[in-house]
There are 2 protein chains.
Amino acid sequence: MKTLSIKDIALKANVSITTVSFIINGKAKEKAISDAVIKKVQKIIKESGYKPNQLARSLRTGNSNIIGLIVEDISNSFFSSIARLIEDKAYKKGYKIIYSSTENKIEKTKELISLFKNRKVDAYIISPIKGIEEDIQDLLNDNKPVILFDRNLPNINTSYVGANHFSASYQAVESFIKDGKQNIALVTTDIDVQQIVERFEGYKKSIIDHGLPYQDGLVLNIPFSQEEATTIKQIKELLQNRTIDAVLFATNYLAISGLKALKELEKKINESFSVIGYDDHEAFELHSPSISTIQQPLEEIAEAIIQLILAQLAAKTKLPEQQVVIPAKLIIRN
Amino acid sequence: MKTLSIKDIALKANVSITTVSFIINGKAKEKAISDAVIKKVQKIIKESGYKPNQLARSLRTGNSNIIGLIVEDISNSFFSSIARLIEDKAYKKGYKIIYSSTENKIEKTKELISLFKNRKVDAYIISPIKGIEEDIQDLLNDNKPVILFDRNLPNINTSYVGANHFSASYQAVESFIKDGKQNIALVTTDIDVQQIVERFEGYKKSIIDHGLPYQDGLVLNIPFSQEEATTIKQIKELLQNRTIDAVLFATNYLAISGLKALKELEKKINESFSVIGYDDHEAFELHSPSISTIQQPLEEIAEAIIQLILAQLAAKTKLPEQQVVIPAKLIIRN
DNA sequence: CTCAGTTAATAAAACGTTTTAGTTAAACCT
DNA sequence: AGGTTTAACTAAAACGTTTTATTAACTGAG
């Protein structure tokens with residue numbers, strides 16, 4: 001069975017294609033189509049189950065009611081949770097989301113942007129990486145709404161939603177110090193994105209502000225695409241070779257690897273050795289003892305993103321860009 | 001800057017649109033375009049950065065190089081991991097994936113299928129739910145490849161990839177019994193999909209086969225969309241009101257809730273009380289003690305799915321459907 | 001020298017919409 | 001009665017491709 005087109009409907013209703021189009025798009029009133037015709041056409045549409053071809057529509061109008069979501073890795077629970085929340089909220093406003101993972105690769109990210117552009121995606125939500133500034137600027141020049149989240153790109157003038165990573169890791173370290181910890185390690189990753197840098201800066205500043213010496217050897221930089229086994233090995237080495245009484249992990253997957261390392265070392269978390277993770281994870285709460293963590297308010301972040309996007313989509317003119325910085329919460333668990 | 005069209009390229013190269021199109025689509029040789037013209041046009045395309053409009057292309061050809069992936073919930077690690085693997089493999093073959101979550105809702109699933117159909121998605125990978133048989137049959141009648149995974153729909157004749165849930169939960173219960181357990185509970189969910197039913201059947205058969213009495217009261221059915229707090233409460237009640245020395249959880253998120261319940265009850269997992277989860281989760285391995293689980297081989301499942309899809313996409317005729325059942329592995333951890 | 005075949009290219013239709021610019025007939029003035 | 005508005009509807013262009021059918025020029029065989 002061939003799929004129906006607007007032409008078939010027009011034929012059946014004995015009116016022109018134009019008329020049907022006006023009715024479909026709710027312009028019947030303004031275009032002075034009589035009620036009788038409206039009723040008739042709507043009835044035929046309903047009965048036949050006709051659905052306009054979105055491709056043709058997009059081709060003609062240049063927009064698609066689709067929002068593109070580009071994240072680092074959809075299998076990371078932070079991103080998949082955000083994706084799910086955004087999907088939900090967008091869906092209610094009639095927008096669909098399509099998403100894809102960049103794996104922090106510049107080339108793949110560029111291709112994705114190009115793919116989405118090609119598909120006439122209406123707006124972009126991007127967790128960016130350095131090196132795609134130009135591509136994003138192109139989108140903006142093209143008047144497409146772009147919201148950056150999780151990480152910001154300093155040279156791009158567009159709205160951003162993210163957590164206050166500096167202050168969050170500052171507080172985490174502060175809480176270690178208040179607990180009497182002296183040798184606080186940071187396990188972080190080497191990707192060059194603002195949010196990771198901030199986490200490091202917060203750590204460093206907090207240590208110095210509280211009169212402790214900053215020790216380079218207590219900061220472990222894990223390459224992003226490294227095998228987990230290697231990561232675990234490096235963390236074990238750090239813990240064995242250094243006097244350390246507290247560790248802050250800069251991402252949830254690093255914390256997971258860290259917990260595995262501790263397990264292999266049979267090193268217990270207790271009064272004399274503490275751990276704080278980042279981006280909550282089911283495993284943190286369940287762990288014995290429960291793992292304290294810096295929690296980003298996913299719901300709020302998703303909400304802020306979708307608000308900004310919808311506002312920009314609805315607006316005729318370019319809205320002023322906003323930097324929404326949401327405080328991350330330090331969750332102390334015992 | 002207006003985006004370029006094939007017309008602009010044709011103009012610049014001083015040839016017809018048709019010629020450019022042939023060259024773009026690699027039909028230059030067969031259409032006897034001279035090498036000189038091919039070179040010239042390709043140079044112009046490269047220099048100008050022209051990218052064909054995929055919408056127009058899809059509108060004309062009826063296909064899109066996009067595969068639609070429809071899952072229950074992208075924020076569940078089982079699905080997001082599979083999605084990520086499929087995305088990777090498809091990407092290498094020049095296909096893009098777009099995915100969306102159904103939340104096990106028939107209406108939303110139907111809408112998604114309709115959305116994808118509208119977008120001329122070339123093939124579908126669906127983790128289905130009862131009630132959408134007709135929509136899937138429509139796709140098949142339309143000659144679109146459809147692969148079901150995770151759950152099968154008995155009345156649909158199409159390929160399926162999934163794990164052997166019956167045998168997996170049979171073995172899990174068997175291992176409990178060999179350990180001397182007598183009162184084995186099952187915490188499962190009420191969604192009416194084959195894979196969940198199989199898990200229950202395997203549990204029941206194993207109990208009976210091994211000469212134990214099947215007790216209805218030891219099976220807890222959790223409504224799918226229920227708040228987690230309620231789920232935890234129900235699991236606590238089950239554990240408090242019954243003599244139970246082992247629990248099999250039918251999904252990973254139920255196991256997580258179960259572990260939380262145990263934590264609240266301060267009930268320890270040890271020789272006299274065992275637990276097995278389903279679909280691995282980071283938290284299982286990290287838990288103290290580590291949680292045994294039934295592990296679905298994600299990599300193999302993803303590989304099988306993508307193989308079937310690509311084979312069907314490449315084939316001119318309809319391939320015979322295949323039911324790929326991959327054994328799930330019982331991982332005993334201590 | 002002519003006809004058939006080949007080579008190199010193109011014009012135009014088609015995909016399914018939206019939207020601009022009309023057209024026609026009736027209703028409304030003065 | 002003649003002109004102007006308005007109501008109701010529509011023809012056709014446009015979006016950017018692919019593809020079918022066609023043309024025009026050349027080649028070589030008989």
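Each chain gets a letter, A, B and so on, in the order its sequence line appears, and its residues count up from 1. This one's a predicted model, so the numbers in the text were calculated from it and none came from an experiment.
Spacing between atom CD1 of Ile6(B) and atom P of dT19(D) amounts to 11 Å, rounded to whole angstrom units. Here dG16(D) presents its C1' atom at 16 Å from NZ of Lys51(B), a figure rounded to the nearest Å. Atom CD1 in Ile17(B) sits roughly 9 Å away from atom P in dA11(C) (whole-Å rounding). Counting to the nearest Å, the C1' atom of dT17(D) and the CG atom of Leu59(A) are 8 Å from each other. Taking atom CZ on Arg119(B) and atom C1' on dC15(C), their separation rounds to 16 Å, with Å as the unit. Atom NZ of Lys7(A) is separated from atom C1' of dT18(C) by 16 Å (rounded to the nearest Å). Residue Asn118(A) contributes atom CG, which lies 17 Å from atom P of dC15(D) at whole-angstrom precision. Distance CD1 (Ile38(A)) to P (dA8(D)): 10 Å, rounded to an integer number of Å.
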Exercise for review: For side-chain contact (heavy atoms from CB on, under 4.5 Å), just list the numbers for Ile86(A) and Ile125(A), CA-CA rounded to whole Å, side-chain angles, deciding distance to a tenth of an Å, and then say yes or no.
Suggested key: CA-CA 10 Å; Ile86(A) 289 180; Ile125(A) 303 173; 4.0 Å; yes

Practice item. Show your reasoning for whether side-chain contact (heavy atoms from CB on, under 4.5 Å) applies to Val15(A) and Ile33(A). Key: CA-CA 11 Å; Val15(A) 297; Ile33(A) 308 292; over 6 Å; no

Exercise for review: Given side-chain contact (heavy atoms from CB on, under 4.5 Å), test Val324(B) with Phe149(B) step by step and report yes or no.
Suggested key: CA-CA 9 Å; Val324(B) 181; Phe149(B) 84 104; over 6 Å; no

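Summarising the local packing, CD of Glu30(A) is surrounded by more than 12 heavy atoms from other residues, nucleotides or ligands at distances under 6.0 Å.
Of the listed residues (Ile147(A), Val146(A), Asn152(A)), just one forms a side-chain contact (heavy atoms from CB on, under 4.5 Å) with Ser159(A), and that residue is Ile147(A). Across Leu148(A), Thr102(A), Asp135(A), a single residue satisfies side-chain contact (heavy atoms from CB on, under 4.5 Å) together with Ile126(A), and that is Leu148(A).
A salt bridge does not link Lys12(A) with Glu47(A): none of the charged nitrogens is closer than 4.0 Å to a carboxylate oxygen. Between Glu299(B) and Lys89(B) there is a salt bridge, with a side-chain nitrogen of the basic residue lying less than 4.0 Å from a carboxylate oxygen of the acidic one.
Residue-to-nucleotide proximity on DNA chain C shows that, of Ser21(A) and Thr18(B), the 5′-proximal contact is made by Thr18(B). Take the nearest nucleotide of DNA chain D for Ala56(A) and for Arg60(B): the residue whose nucleotide is more 5' is Ala56(A).
Across all non-hydrogen atoms, the minimal contact from Ser100(B) to Ile97(A) is OG-O, 4.4 Å. Closest approach of Ile129(B) and Lys105(B) over heavy atoms only: CD1-N, 4.1 Å.
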Using a cutoff of under 3.5 Å, can you pull out all pairs of nitrogen or oxygen atoms linking the protein to nucleotides 6-9 of chain C, with atom names and distances?
from: dA9(C); atom 1: OP2; to: Ser34(B); atom 2: N; distance (Å): 2.8
from: dA9(C); atom 1: OP2; to: Ser34(B); atom 2: OG; distance (Å): 2.9

Protein-nucleotides 23-29 of chain D N/O pairs closer than 3.5 Å?
none

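Inter-axis angle, ends of the helix from dC1(C)-dG30(D) to dT30(C)-dA1(D), five pairs per end, rounded to 10 degrees: 70°.
Using a 4.0 Å cut-off, some side-chain N or O of Tyr50(B) falls inside it from OP1 or OP2 of dT17(D). Here Asn53(A) does not reach the OP1 or OP2 of dC15(C): none of its side-chain N or O atoms lies under 4.0 Å away.
Counted by atom type alone, Gln195(A) and Asp150(A) present one or more donor-acceptor pairs between their side chains at under 3.5 Å. Looking only at atom types and distance, the side chain of Glu103(B) has no donor-acceptor partner in the side chain of Ser225(B) under 3.5 Å away.
Nucleic acid contact class of Ile24(A) (heavy atoms, under 4.0 Å, all strands): none. Residue-level contact check: Leu55(B) touches neither bases nor backbone, having no heavy atom under 4.0 Å from any strand.
For Arg57(B) against dT17(D), a side-chain-to-base donor-acceptor contact under 3.5 Å is absent.
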